[in-house]
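Note sheet for the following structure.
Per chain, numbering begins at 1; letters A, B, ... match sequence-line order.
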There are 2 protein chains.
Amino acid sequence: MSKGVEWAMHTLLNLGMLEDGEPVSSAQLAAGHGLPAAYLNKQLQLLVKAELLTSTPGPRGGFTLARPIDSISLLDVVVAIEGNEPIFRCAEIRRCGKIGELSTGNTSTTCAVKRAMYRADMAWREALAKQKLSDVQNELDIDNPSVRRTVRRAFGGA
Amino acid sequence: MSKGVEWAMHTLLNLGMLEDGEPVSSAQLAAGHGLPAAYLNKQLQLLVKAELLTSTPGPRGGFTLARPIDSISLLDVVVAIEGNEPIFRCAEIRRCGKIGELSTGNTSTTCAVKRAMYRADMAWREALAKQKLSDVQNELDIDNPSVRRTVRRAFGGA
DNA sequence: GTCTAAATACTCGGATACCCGCTGTCCGAGTGGTCCGGG
DNA sequence: CCCGGACCACTCGGACAGCGGGTATCCGAGTATTTAGAC
């Protein structure tokens with residue numbers, strides 16, 4: 001999995017901890033975690049395309065959450081960055097080679113291996129969809145009660 | 001995910017459909033699904049290292065299942081090929097950059113994002129561990145009752 | 001003082017190289033089978 | 001006919017290239033701000 005997912009997660013969480021709706025530039029967001037600004041910008045564009053962020057150009061511009069964080073699931077973030085293709089790609093090798101040629105029964109059904117892997121994939125996605133960014137935010141608050149103030153000072157005080 | 005997982009799945013299932021304990025060479029296994037023999041051999045070595053297959057060198061040699069298929073889960077295969085590292089890699093970016101420097105609270109706890117992603121990862125792994133290769137084999141029998149005979153003829157009749 | 005308009009600085013957005021890891025290939029070490037010669 | 005040994009063919013095992021996608025970077029299009037000038 002690309003590390004862009006981790007960057008997107010923390011960036012969205014940081015934006016969710018700011019009260020006002022003021023946009024934050026990608027440079028500020030990148031400086032918050034020591035990330036390369038240009039590449040982070042590329043990932044944020046994916047989040048804009050997924051309608052998780054809203055971008056405003058020009059001075060005083062930047063990115064803003066497009067939806068409340070309790071409506072954004074971890075799956076939304078993963079799909080926005082990685083795409084929604086399943087982890088396991090079935091190349092239908094069952095129909096190739098000697099076995100595929102000798103096969104006589106119906107091959108209309110989808111590959112059993114693919115089905116089994118797909119079930120596990122769905123379990124993963126459900127576990128991701130069940131967790132909202134707000135849940136993670138609450139855990140952050142419990143771990144470190146001053147994290148919200150820290151984030152605001154890191155961005156507001158710049 | 002690397003396509004070697006798919007190859008390993010089908011190869012193990014094919015070996016499980018053979019009655020006798022005669023070893024099957026990687027060339028035969030590869031011909032069964034039209035795969036490059038040398039590269040499949042590389043993947044099978046990983047399965048040997050994971051103690052899912054037993055290899056016997058020399059003429060009439062090849063690979064044999066090291067354990068009964070009802071004791072091999074899909075997770076075993078995935079871990080053997082891909083390794084058992086979690087899908088989501090946490091780079092601990094929360095401790096980097098401006099936010100990391102200004103952070104005052106305890107950072108002894110593991111990253112909340114990492115924990116959340118890990119939960120989904122565990123759901124995926126549990127779903128994989130719950131399904132044994134024998135379960136997939138049963139589905140294959142239902143889909144195509146003649147698949148076992150086909151596999152035996154593909155390998156035995158060579 | 002106020003309005004207008006141009007210059008400006010800052011932002012996103014997409015196009016362009018770089019690099020690591022999966023993919024694919026090859027050759028050597030080792031072993032069981034086979035064949036030949038001898039007893 | 002039976003046995004022993006050397007040869008051989010076939011197998012796995014690890015070492016060696018090639019390429020695609022993620023990673024990183026840069027420059028151009030667009031806009032709110034600012035500022036200077038005219039009324």
Whole angstrom is fine here: how far is it from [atom1] in [X] over to [atom2] in [N]?
{"X": "B:Asn41", "N": "C:dT25", "atom1": "CG", "atom2": "P", "value": "13 Å"}
{"X": "A:Met1", "N": "C:dC20", "atom1": "CE", "atom2": "P", "value": "22 Å"}
{"X": "B:Leu35", "N": "C:dT25", "atom1": "CG", "atom2": "P", "value": "11 Å"}
{"X": "A:Arg89", "N": "D:dG20", "atom1": "CZ", "atom2": "C1'", "value": "11 Å"}
{"X": "A:Lys3", "N": "C:dC19", "atom1": "NZ", "atom2": "P", "value": "15 Å"}
{"X": "B:Lys42", "N": "C:dG21", "atom1": "NZ", "atom2": "P", "value": "14 Å"}
{"X": "A:Leu44", "N": "C:dC12", "atom1": "CG", "atom2": "P", "value": "8 Å"}
{"X": "A:Ile81", "N": "D:dG21", "atom1": "CD1", "atom2": "P", "value": "18 Å"}

Flag side-chain contact, heavy atom, 4.5 Å: A:Cys90 against A:Val113: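 Contact flag for A:Cys90/A:Val113 side chains = no.
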Is any side-chain heavy atom of A:Lys132 closer than 4.5 Å to a side-chain heavy atom of A:Ile72?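 No, side chains not in contact.
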I'd like to know if the side chain of B:Glu82 reaches the main chain of B:Val5, judged simply by a donor and an acceptor atom lying under 3.5 Å from each other, with no hydrogens or angles considered.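 No, B:Glu82 side chain to B:Val5 backbone: no donor-acceptor pair under 3.5 Å.
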Counting only N and O atoms by type, is there a donor-acceptor contact under 3.5 Å from the side chain of A:Ser146 to the main-chain atoms of A:Arg149?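 Side chain of A:Ser146 to backbone of A:Arg149, a donor-acceptor pair under 3.5 Å: no, none is there.
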Side chain of [X] (C-beta onward), nearest among [options]:
{"X": "A:Ser26", "options": "D:dA15, C:dC12, D:dA24", "value": "C:dC12"}
{"X": "B:Phe63", "options": "D:dG13, C:dG13, C:dC22", "value": "D:dG13"}
{"X": "A:Gln45", "options": "C:dG13, D:dT11, D:dG13", "value": "C:dG13"}

Is the shortest side-chain N to carboxylate O distance from B:Glu139 to A:Lys114 below 4.0 Å?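 Not counted as a salt bridge, because no side-chain N and carboxylate O are separated by less than 4.0 Å.
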Check: A:Ser73/A:Asp76 side-chain N/O donor and acceptor closer than 3.5 Å: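 Looking only at side-chain atoms, A:Asp76 and A:Ser73 do form a donor-acceptor pair, the distance falling under 3.5 Å.
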Given D:dG13, is OP1 or OP2 found less than 4.0 Å from the side-chain N or O atoms of B:Ser55?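 For D:dG13, OP1/OP2 do have a side-chain N/O of B:Ser55 under 4.0 Å.
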Using a cutoff of under 3.5 Å, can you pull out all pairs of nitrogen or oxygen atoms linking the protein to nucleotides 26-36 of chain C, with atom names and distances?
none

More 5' along DNA chain C: A:Val24 or B:Leu40, using each one's nearest nucleotide?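 Looking at DNA chain C, the more 5' nearest nucleotide goes with A:Val24.
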Which of these, A:Val48, A:Thr54, A:Thr11, A:Leu52, sits in a side-chain contact (heavy atoms from CB on, under 4.5 Å) with A:Phe63?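 In the set A:Val48, A:Thr54, A:Thr11, A:Leu52, the residue that makes a side-chain contact (heavy atoms from CB on, under 4.5 Å) with A:Phe63 is A:Val48.
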A:Gln43 vs B:Val48, nearer the 5' end of DNA chain D by closest nucleotide: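 This one resolves to B:Val48.
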